[in-house]
Structures are given as C-alpha cells and as structure tokens.
Amino acid sequence: MLASPVRLSVVAALAAVDKAEFGYVRDLVEITDSALSKQASALEEAGWVAVEKGQVGRRPRTWLSLTEEGLTVYRRHMAALRAIAGPLA
C-alpha cells in the first residue's frame, strides 16, 4: 500500500507529528482536498491513520494522525527502502 507515492508522502508527513490538520497535510503533500480525502480513507481503512473530526470556533476541522500500526508499517517500509538503496557514500 505504501508503494503509492502519495500515500507514502501522507504517512511520512504524519510520522513527524502527533497529529496534523487536514489542510496542512494537503498543502505539504501538494494534492487536492478530494485526493487527500481518498488517500486518508484508504489509510484509515487499513488501520494506519486515525481521522478525528471537530471544530475550531464555528469551523469544522479534520485532523489526521498515524496509528501505532501505521508508524510501524512506515518504519518497516523505510528500512526496506534503505536496504535496497544501500549505503550512501
């Protein structure tokens, strides 16, 4: 599932924070709202991302965060990529 560059980018963005607002992730990954929504739903269905909805003032907000399983999968994926790439010298 992390073979998708967009999904990998979303997970990498979330790995660096406890949780992130939807718009922040969208802008960081440089995709549309609908594209991020689709990817977040797929990652949530896999159990790798938690989606939290709420409000700030009167405005609805959505926050995304990695689950423990998501963080584990991301770390394993990155370790595999490093093993494939070999040492950078």
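Count residues from 1 along the sequence. Remember, predicted model here, so these are calculated numbers, not experimental data.
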Side chain proximity check, [X] to [Y], heavy atoms < 4.5 angstrom:
X   : Y   : result
V49 : L14 : yes
R7  : L43 : yes
W48 : L2  : yes
R59 : R61 : yes
K19 : L64 : no
K53 : W63 : no

Out of curiosity, [X] [atom1] to [Y] [atom2], how far, rounded to the nearest 0.5 Å?
X   : Y   : atom1 : atom2 : value
Q39 : S4  : CD    : OG    : 5.0 Å
L66 : L71 : CG    : CG    : 6.0 Å
Q55 : T62 : CD    : OG1   : 10.5 Å
T32 : K38 : OG1   : NZ    : 10.0 Å
E68 : T72 : CD    : OG1   : 6.5 Å
L28 : L36 : CG    : CG    : 10.5 Å

Legend entry - ILVMFWY cluster, V17 and V73 together (side-chain gap under 4.5 Å): no
Inset, instruction - Please check if V10 and L81 belong to a single hydrophobic cluster, counting links between Ile, Leu, Val, Met, Phe, Trp and Tyr side chain heavy atoms closer than 4.5 Å. - result: yes
Determine the minimum heavy-atom distance between [X] and [Y], stating which atoms define it.
X   : Y   : answer
V29 : S9  : CG1-CB, 3.8 Å
V25 : A20 : CG2-CB, 3.6 Å
M1  : A42 : CE-O, 3.7 Å

Legend entry - S37 side chain to D33 backbone, donor-acceptor under 3.5 Å: no
